[in-house]
Each structure stands twice: as structure tokens, then as C-alpha cells.
Undergrad: 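Sending over a structure as C-alpha cells; questions will come in a sec.
FYI, side chains are in, hydrogens and waters are out, and symmetry mates aren't considered; it's all heavy atoms of this structure. Protein chains get the first letters and strands the later ones, always in sequence-line order, with residue 1 at the start of each.
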Number of protein chains: 2
Amino acid sequence: MPVQMHHPSLDEVALSAVFAALSDDHRRGVVVTLAADPDRELPCSALSVPGSKSTRSYHWKVLREAGLIVQRNTGTGMTLRLRAEEFDARFPGLLTNLLHLEGITPAPEGPAPEGPAPEGPAPEGFTEPNPRT
Amino acid sequence: MPVQMHHPSLDEVALSAVFAALSDDHRRGVVVTLAADPDRELPCSALSVPGSKSTRSYHWKVLREAGLIVQRNTGTGMTLRLRAEEFDARFPGLLTNLLHLEGITPAPEGPAPEGPAPEGPAPEGFTEPNPRT
DNA sequence: ACCGGGGTACGAAGATTTTCGAACCACCCC
DNA sequence: GGGGTGGTTCGAAAATCTTCGTACCCCGGT
């Protein structure tokens, strides 16, 4: 009924909701597409989610309630915008990592051409959190 | 029936399956608990997943089919081991990021106390993938 | 003012996930 | 070898997620 629907504050969204939202290929595709856009905002007519009007609307809702997008009303039509900064503040690195996994941004670690840095926290591999205390 | 059940190869698991597996609090708890262990392996009697025997077994199966764990038979009882290296090779950074989000490992970027490095790829914030080409 | 495009909310039907009990299997210990 | 412990699998029941049609709303154009 309101011309502006409800968007949760980022600290009331649970990690479970985020993973659930991202576990669907179409929804994940929307996030990736938005992230790849310079404005991180696109008319939802530009997003490739199959199904009827109501089905598409349902998916926007899931993404909205996971804190991933804002839906904005633009007279005719509507746009989806990725809540990139807010989201990254709440779940640091998640979005960034998703884009790496989807190949949108290059992996942070190509094979280092020279000069390995055995000092400092190497940002690659799976560094054990608790190396045998 | 076999004494050793089927574990998928990592490159036949889809990102969707991983997110679906991690969207459950109990299952995510298992992954985090295993990751916090120095051996990344624990008897499944040590994991805190509520429910009947069959329910617990069902959750191991979901995690197994997401490529997250290996189930090993130890005479009496059974252990779950996190497939950390393999998994990280297939989905780089995902596990690492999860541990940060769950507060198991410190965030890679505290507020740098001194000497900001405006050069080089800053590993924080949500760096735009495609800054307005 | 009416119409049409684009969207949301609400049920209901269909598909998938989660839970459980029962049947069964493998191993250890007495 | 028999019994108990710890686990898997198979259905079936319950809960949840997904899809869709319908009703309704808002806005812009004619």
C-alpha cells in the first residue's frame, strides 16, 4: 500500500537470510549484475529473472529482506539498487568475495610473480584460525 | 550401504549448494566449529546440532554434498573433517570470509593505526568493480 | 478522465526442505 | 557370539519456499 515499501535496517538482517537469498541462481545473478553496474542501480526491467510479474516481485522481496537491495520507485517502472556500502559494513567482504567467485572482479591473488612475503598476513590460502595452541 | 559414503569432487559442487548449506544456522555452526579446531576434524558427537539421529545425519549429508566436509569412520563413532584446502581452492576466500563474519578470526582490516596506504589494492570497503568506464 | 504499463499483496497450488521413526548395518566390548 | 552404541537409509508427515493468477495501486500519456 505505501508507495515506498519496507526495507530492513542492515543490523536486523541475519546471515542466514543472506545465504538463503544468495542460494538461488537468479537472485545471485541480480546481485552480481547490480554490482557490475557503475551506479549499482538498474531498472528491474533490465534484470534477467524468469517468471511472472508476481514471481519476479517475490524475488525482489527476498533480496530486499536480506538487506541486499533497495527498491526505488521512478514514476513509471522501478529500479533496484545494491546496498553495497551498508551491506559491506554489516558483512565485511561478503559481497567482494562473491564478485571474485563469480569472476566479476579478478581474484585478489594471482600467482605472485616474484618476491614471496613470508612475513605479514598472506591474503591467500586457507590460513588456519587456530594453529594448534 | 558402503562403509564409506559418497563425497563429491569439489568441482561438481555448485555455489548454490554451498550457500544453501550455509543458510542454516546449525549447519553453519558445524562449519565454524570445525574451522576453529586445529585439526579441522571433530567427532560428530561433539557437534551441537539438535534433533534425532536421522536429522543430524541429514545435515551431515547436506554439508557433505556441498563439498564442505568429509565423513570418516573411526571404528566406533565417526568424525567430520572440514575440506578446508580443497574447498578454498574451489571457492577462494569464502571460508576465510565466513570465519571473519562469525568472529572466529579477526577482521583483516582494523582501523589502521597509522600510515594509510593509498597506493595498492586496499583490501577493505566495497571497491567498485567497474568504476564508471 | 480513461487506459495501459509496471509493480505489490494475497491466496492457493506445487515443489522442495526438514524432521522423525523404523529398519538395518558395522564396530567394540564382555 | 550377543548386546549396546553410533550411524545410514527409507518413507511419510510437517513446514517452508516458489510460482502463479487475481485484485489492486500508482503514474504517465492521450
Undergrad: Report yes if some heavy atom in the side chain of B/L82 is under 4.5 Å from a heavy atom in the side chain of B/F87; otherwise report no.
TA: no

Undergrad: Please give, in whole Å, the distance from D/dG7 P to B/H6 NE2?
TA: 22 Å

Undergrad: Nearest whole Å is fine: how far is D/dT8 P from B/R72 CZ?
TA: 14 Å

Undergrad: Restricting to non-hydrogen atoms, name the atom on A/L68 and the atom on A/A21 that form the minimum distance, rounded to 0.1 Å.
TA: CD1-CB, 4.2 Å

Undergrad: Scan residues 53-60 of chain B against DNA chain D and write down, sorted by residue number, each residue with any heavy atom closer than 4.0 Å; if none is found, say none.
TA: B/K53, B/S54, B/S57, B/W60

Undergrad: Does any residue of residues 16-30 of chain B have a heavy atom under 4.0 Å from DNA chain D, and if so, which ones, in number order?
TA: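 Going residue by residue through residues 16-30 of chain B, none turns out to have a heavy atom under 4.0 Å of DNA chain D.
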
Undergrad: What nucleotide, of C/dG6, C/dA9, C/dG21, holds the atom closest to the side chain of A/R64?
TA: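 Selected nucleotide (nearest to the side chain): C/dA9.
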
Undergrad: Tell me the interatomic distance from A/K61, atom NZ, to D/dT18, atom C1', rounded to whole angstroms.
TA: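 About 12 Å, once rounded to whole Å.
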
Undergrad: Could you tell me the separation between the CE atom of B/M5 and the P atom of C/dC25, rounded to a whole number of Å?
TA: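 That distance rounds to 15 Å.
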
Undergrad: Atom CG of A/L80 to atom C1' of C/dG6: distance rounded to whole Å?
TA: 13 Å

Undergrad: Would you say A/Q4 reaches C/dT8's phosphate, i.e. side-chain N/O to OP1/OP2 under 4.0 Å?
TA: no

Undergrad: Nearest whole Å is fine: how far is D/dG6 C1' from B/N73 CG?
TA: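 B/N73 atom CG is separated from D/dG6 atom C1' by 9 Å.
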
Undergrad: Among A/V18, A/D88, A/L99, exactly one meets side-chain contact (heavy atoms from CB on, under 4.5 Å) together with A/L94. Which residue is that?
TA: A/V18

Undergrad: Would you give the length of the straight line joining atom CZ of A/R27 to atom CH2 of A/W60, rounded to the nearest 0.5 angstrom?
TA: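 These two atoms lie 11.0 Å from each other.
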
Undergrad: Applying ring-ring contact (aromatic ring centres under 6.0 Å, His included) as the test, list every pair that has at least one member in residues 12-56 of chain B; sequence neighbours left out.
TA: A/F19-B/F19

